[in-house]
Structure formats: structure tokens, C-alpha cells
Amino acid sequence: MKSFLKRIAVGIVGGGVTIVGVIALVAPGPGWLIIFAGLGILATEFAWAAYVLEHAKKNVSKAADRIRLKKEHRDILLAVFFASTLLILVIWYAYWRR
């Protein structure tokens with residue numbers, strides 16, 4: 001009986017956290033992070049949630065690998081960032097100096 005009540009409590013808490021995460025997808029907030037937390041809670045008691053969580057982790061890992069910047073690209077982006085920042089500072093200084 002105790003494990004049944006624990007399973008119900010985990011289902012309610014994990015389900016609630018997951019629902020808050022879904023709401024946070026359209027509202028300001030870290031929606032996916034909250035959804036993964038809710039699935040993690042559910043995965044402690046439910047095999048289907050563990051499967052969904054593992055599947056989601058694999059997909060997120062693949063997506064991160066696809067968008068990960070190569071070193072050359074990162075160096076170019078840093079150079080553009082610093083040049084843009086310098087240009088903005090020069091314009092700002094010229095504007096306030098007059």
C-alpha cells in the first residue's frame with residue numbers, strides 16, 4: 001500500500017511539474033528544462049517516463065552536436081562581436097562628446 005501511495009504522489013508531483021513546463025513553453029520561463037525535470041520525477045516510478053526521458057536526451061544531444069560551433073567559426077564570431085562592441089563604444093563616445 002505504501003509503494004502504491006508513493007507511486008500516486010510521484011505521478012501527481014511529476015505530472016504537475018511537467019504541466020508547468022508545458023505552460024512555460026508559451027509563457028516566459030525555461031519550459032524544456034521544467035519538462036525534463038518533471039519527466040525525471042516521473043521516471044523514478046514509471047518505466048514509460050524513463051523511456052521518454054532517454055529518447056528526449058538522445059534527441060537533444062544530437063541537436064546540440066549539430067549546432068555546436070567549430071573553433072574557426074567561434075573565433076570569427078568573437079572577432080565580429082569585439083569589433084561591433086568597439087564600433088558602438090566609438091559612436092557612443094562621439095555622440096556624448098559633442
Point to revise | Partner of I19 by side-chain contact (heavy atoms from CB on, under 4.5 Å), out of V22, I23, V17 | key: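 Exactly one option meets the side-chain contact (heavy atoms from CB on, under 4.5 Å) with I19, and it is I23.
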Point to revise | For I12, side-chain contact (heavy atoms from CB on, under 4.5 Å) partners two or more places apart | key: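 By the side-chain contact (heavy atoms from CB on, under 4.5 Å) rule, I12 matches I8.
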Can you list, pair by pair, the side-chain donor-acceptor contacts under 3.5 Å of residues 33-47, counting residues two or more places apart and other chains?
unit_1, atom_1, unit_2, atom_2, d
T44, OG1, I41, O, 2.6
E45, OE2, K6, NZ, 3.3

Counting only pairs under 3.5 Å, give me each side-chain donor-acceptor contact of residues 78-89, with atom names and distances, residues two or more places apart or in other chains.
unit_1, atom_1, unit_2, atom_2, d
S84, OG, V80, O, 2.8
T85, OG1, F81, O, 2.8

